[in-house]
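Report on one structure; see the data block that follows.
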Amino acid sequence: MTTIANPDLIVTTCGRELDLSSTELVIERSNSLFSYNIHKLKSGEYIIAEKFYANPFNNRYILLNDEQIEMLKNL
């Protein structure tokens, strides 16, 4: 029996398990080394997904709320 992992199921840095397939992709950026995407959840929170092609063990999924996103816009 072969088990196939769903690549859309992720765990954020704060430990929440989420399904990226049910989110809205807000920003999508990538280069040859990594991708940096921002997804919006139905709850209004955002996920920053950093995916490193060379080492997927370094991938990070950071959960942010509206206030934190607004603060990032002002940097």
Side-chain angles (χ1 to χ4, degrees):
M1 176 186 236
T2 303
T3 302
I4 299 173
N6 182 346
D8 290 328
L9 295 178
I10 57 103
V11 177
T12 66
T13 54
C14 63
R16 280 186 48 193
E17 294 182 14
L18 299 168
D19 184 356
L20 291 182
S21 68
S22 63
T23 64
E24 174 189 346
L25 183 60
V26 178
I27 295 174
E28 185 174 19
R29 303 280 186 269
S30 65
N31 61 31
S32 61
L33 301 176
F34 69 96
S35 69
Y36 175 89
N37 302 321
I38 296 180
H39 301 261
K40 184 174 183 180
L41 303 171
K42 292 177 184 174
S43 65
E45 298 168 302
Y46 293 84
I47 296 281
I48 297 176
E50 296 177 325
K51 297 181 180 181
F52 296 88
Y53 303 130
N55 189 353
F57 294 106
N58 287 337
N59 290 353
R60 293 189 302 171
Y61 303 94
I62 304 162
L63 183 65
L64 300 173
N65 60 30
D66 285 336
E67 291 175 11
Q68 292 166 319
I69 288 291
E70 287 302 317
M71 288 173 53
L72 286 174
K73 288 180 184 177
N74 295 321
L75 292 178

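Throughout, residue positions are numbered sequentially from 1 according to the sequence presented.
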Checklist outcome for this item: Closest non-hydrogen atoms of L33 and N31, given as atom of the first, atom of the second and distance, are N-OD1, 2.7 Å

Could you see if [X] belongs to whatever hydrophobic cluster contains [Y]? Use Ile, Leu, Val, Met, Phe, Trp, Tyr and a side-chain cutoff under 4.5 Å.
| X | Y | answer |
| --- | --- | --- |
| V26 | F34 | yes |
| I27 | L64 | yes |
| V11 | L20 | no |
| I62 | I38 | yes |

Checklist entry - Looking at CG of D19 and CG of D8, how far apart are the two atoms once the value is rounded to the nearest 0.5 Å? => result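 Here the interatomic distance stands at 5.5 Å.
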
Next on the checklist: Nearest 0.5 angstrom please: T13 OG1 to I47 CD1, how far?
Outcome noted: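 Reported to 0.5 Å precision, the distance equals 8.0 Å.
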
Next on the checklist: Tell me which pairs pass salt bridge (charged side-chain N to carboxylate O under 4.0 Å, His left out) where either residue lies in residues 27-47, with sequence neighbours left out.
Outcome noted: R16-E45

Checklist entry - So, do L41 and L63 sit near enough that their side-chain heavy atoms are less than 4.5 Å apart? => result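 The answer is yes, as the side chains (C-beta and beyond) meet within the 4.5 Å cut-off.
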
Item to check | side chain to side chain donor-acceptor pair (under 3.5 Å) contacts in which one or both residues fall within residues 47-64, not counting sequence neighbours | outcome: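 Qualifying pairs, neighbours excluded: E50-R60.
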
